[in-house]
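Take a look at the structure set out below.
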Amino acid sequence: MLFLGLGCLLLHVFVVFGTELTFELPDNDKQCFYEELEKDVKFEIDFQVIAGGNYDVDCFVTDPLNNVLYNEKKKQYDSFSHTTAMAGVYKVCFSNGFSTFTHKTVYLDFRHGDEEPLIQTMTGSTALTQLESSCVSIHEILKVVADSQTWYRLREAHDRTKAEHLLERVTFWSIGETVLLFVIGIGQVMLLRSFFSEKKGSVAAAT
């Protein structure tokens, strides 16, 4: 009965509406995302560049009247929150216009709305039962776990990209050193052969 009651209570969980995605941003390009929101709705944006160049990107947010709410240049990561003053379509744009030959990989998390109470009858003056308190505690812990998993996933992708770039550089450097060693070795052999050829020519002329 305990597990049954716990399962029934967890069915009443309401979460914030959101979009979480990772996208490619080519060099000298701009990508925008649009979301229609009502008035007095709070939205939050988290973004991070996980691959490409110096790991930076331009970002700006505008309201339905094209008023700039947020505008930052060459940011590796940042967060922004705002409560809408009017209903309409809000725009979030990322620009890689300052880069001429490197594309970027950007992670974006867009959330809007307020989270409903875990238990619909729960108010500030309502005492919770032990089961309800356990549900609330588990719910909060799960949110922390989800955020931690997202952070570790981004960190792993960022580190993997750096490791791949480092491997590529080491490989090219090793190939260059190998070619240089072959050239130097062949040059030394040719130089030594020229010395012996000159010596043989001088001996033959003397005889």
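All values below were derived from every heavy atom in this structure, side-chain atoms included, with hydrogens, water molecules and symmetry-related copies excluded. If you're wondering where the values come from, they're calculated on a predicted model, not measured in any experiment.
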Problem set entry | Nearest heavy-atom neighbours spanning Glu20 and Asp109 | CB-OD1, 4.2 Å

For this session: List the steps, then state whether ring pair (Phe, Tyr, Trp, His ring centres under 6.0 Å) holds for Phe110 with Phe33.
Result: CA-CA 10 Å; Phe110 184 91; Phe33 302 90; 9.3 Å; no

Exercise. With hydrophobic residues grouped by side-chain heavy-atom distances under 4.5 Å, do Leu65 and Val92 end up in a single group?
Worked result: yes

For this session: Return the minimal non-hydrogen interatomic distance between Val49 and Lys75, and the atom names on each side.
Result: CG2-O, 3.9 Å

For this session: Check side-chain hydrogen bond (donor to acceptor under 3.5 Å, both in side chains) between Asp58 and all other residues, then give those that pass, not counting sequence neighbours.
Result: none

Problem set entry | Nearest heavy atoms of Phe43 and Leu69, plus distance in Å | CZ-CD1, 4.4 Å

Exercise. Would Tyr90 end up clustered with Phe60 when hydrophobic side chains under 4.5 Å apart are linked, directly or stepwise?
Worked result: no

Exercise. Got a second to check how far Arg160's CZ is from His165's NE2, nearest 0.5 Å?
Worked result: 11.0 Å

Exercise. Quick one: does Thr22's side chain have a donor or acceptor within less than 3.5 Å of a partner on Tyr107's backbone?
Worked result: no

For this session: Can you see which heavy atom on Ala87 is nearest to which on Pro64, and at what distance?
Result: O-CG, 3.9 Å

For this session: Please examine the side chains of Lys42 and His82, heavy atoms only from C-beta on, and report whether any two atoms are closer than 4.5 Å.
Result: no

For this session: Verify side-chain contact (heavy atoms from CB on, under 4.5 Å) between Gln76 and Gln48, making sure each step is shown before the conclusion.
Result: CA-CA 6 Å; Gln76 294 184 348; Gln48 178 177 345; over 6 Å; no

Problem set entry | All pairs passing side chain to side chain donor-acceptor pair (under 3.5 Å) where residues 175-191 contributes a residue, at least two apart | Trp173-Glu177

Exercise. Given the rule that I, L, V, M, F, W and Y join up when any side-chain heavy atoms are under 4.5 Å apart, are Val106 and Tyr34 in one cluster?
Worked result: no

Problem set entry | Interatomic distance, Thr84 atom OG1 to Asp63 atom CG [nearest 0.5 angstrom] | 10.0 Å

For this session: Check Phe94 against Cys59 and note the closest heavy-atom contact, atom names and distance.
Result: CE2-SG, 3.6 Å

Exercise. Members other than Val183 in its cluster, when Ile, Leu, Val, Met, Phe, Trp, Tyr link by side-chain heavy atoms under 4.5 Å?
Worked result: Ile175, Val179

Exercise. If you measure from the Lys or Arg side-chain nitrogens to the Asp or Glu carboxylate oxygens, is any gap between Lys104 and Asp56 under 4.0 Å?
Worked result: yes

Exercise. Can you name the side-chain hydrogen bond (donor to acceptor under 3.5 Å, both in side chains) partners of Ser79, sequence neighbours left out?
Worked result: Asp46

For this session: Measure the shortest side-chain to side-chain distance between Leu25 and Val57 over non-hydrogen atoms and say whether it is less than 4.5 angstrom.
Result: yes

Exercise. Would you find more than 12 non-hydrogen atoms of other residues, nucleotides or ligands less than 6.0 Å from Glu38 atom CD?
Worked result: no

Exercise. Is there less than 2.5 Å between the SG of Cys32 and that of Cys93?
Worked result: yes

Exercise. From Lys74 NZ over to Asn96 CG, what is the distance, rounded to the nearest 0.5 angstrom?
Worked result: 10.5 Å

For this session: Could you grab the distance from atom CD1 of Ile50 to atom CD of Glu156, nearest 0.5 Å is fine?
Result: 9.5 Å

Problem set entry | Least distance between heavy atoms, Gln31 atom then Pro26 atom | NE2-CD, 3.9 Å

Problem set entry | Met86-Val61 co-clustered via ILVMFWY side chain contacts under 4.5 Å | yes

For this session: Scan side-chain atoms only and decide if His103 and Glu24 contain a donor-acceptor pair under the 3.5 Å cut-off.
Result: yes

For this session: Find out if a path of hydrophobic residues (ILVMFWY) with successive side-chain heavy-atom gaps under 4.5 Å connects Val68 to Val89.
Result: no

Exercise. Aromatic rings Tyr70 and Phe47: how do their planes relate, parallel, tilted or perpendicular, breaks at 30° and 60°?
Worked result: perpendicular

For this session: Check whether more than 12 heavy atoms from other residues, nucleotides or ligands sit under 6.0 Å from atom CG of Asn71, and answer yes or no.
Result: yes

Exercise. Phe23 versus Leu108: any side-chain heavy-atom pair under 4.5 Å?
Worked result: yes

For this session: Linking directly or through intermediates, with side-chain heavy atoms under 4.5 Å: list the remaining ILVMFWY members grouped with Met190, chain and number order.
Result: Ile186

Exercise. Got a second to check how far His112's NE2 is from Glu44's CD, nearest 0.5 Å?
Worked result: 11.5 Å

Exercise. How would you list, by chain and number, every residue that makes a side-chain hydrogen bond (donor to acceptor under 3.5 Å, both in side chains) with Ser99, sequence neighbours excluded?
Worked result: Thr102

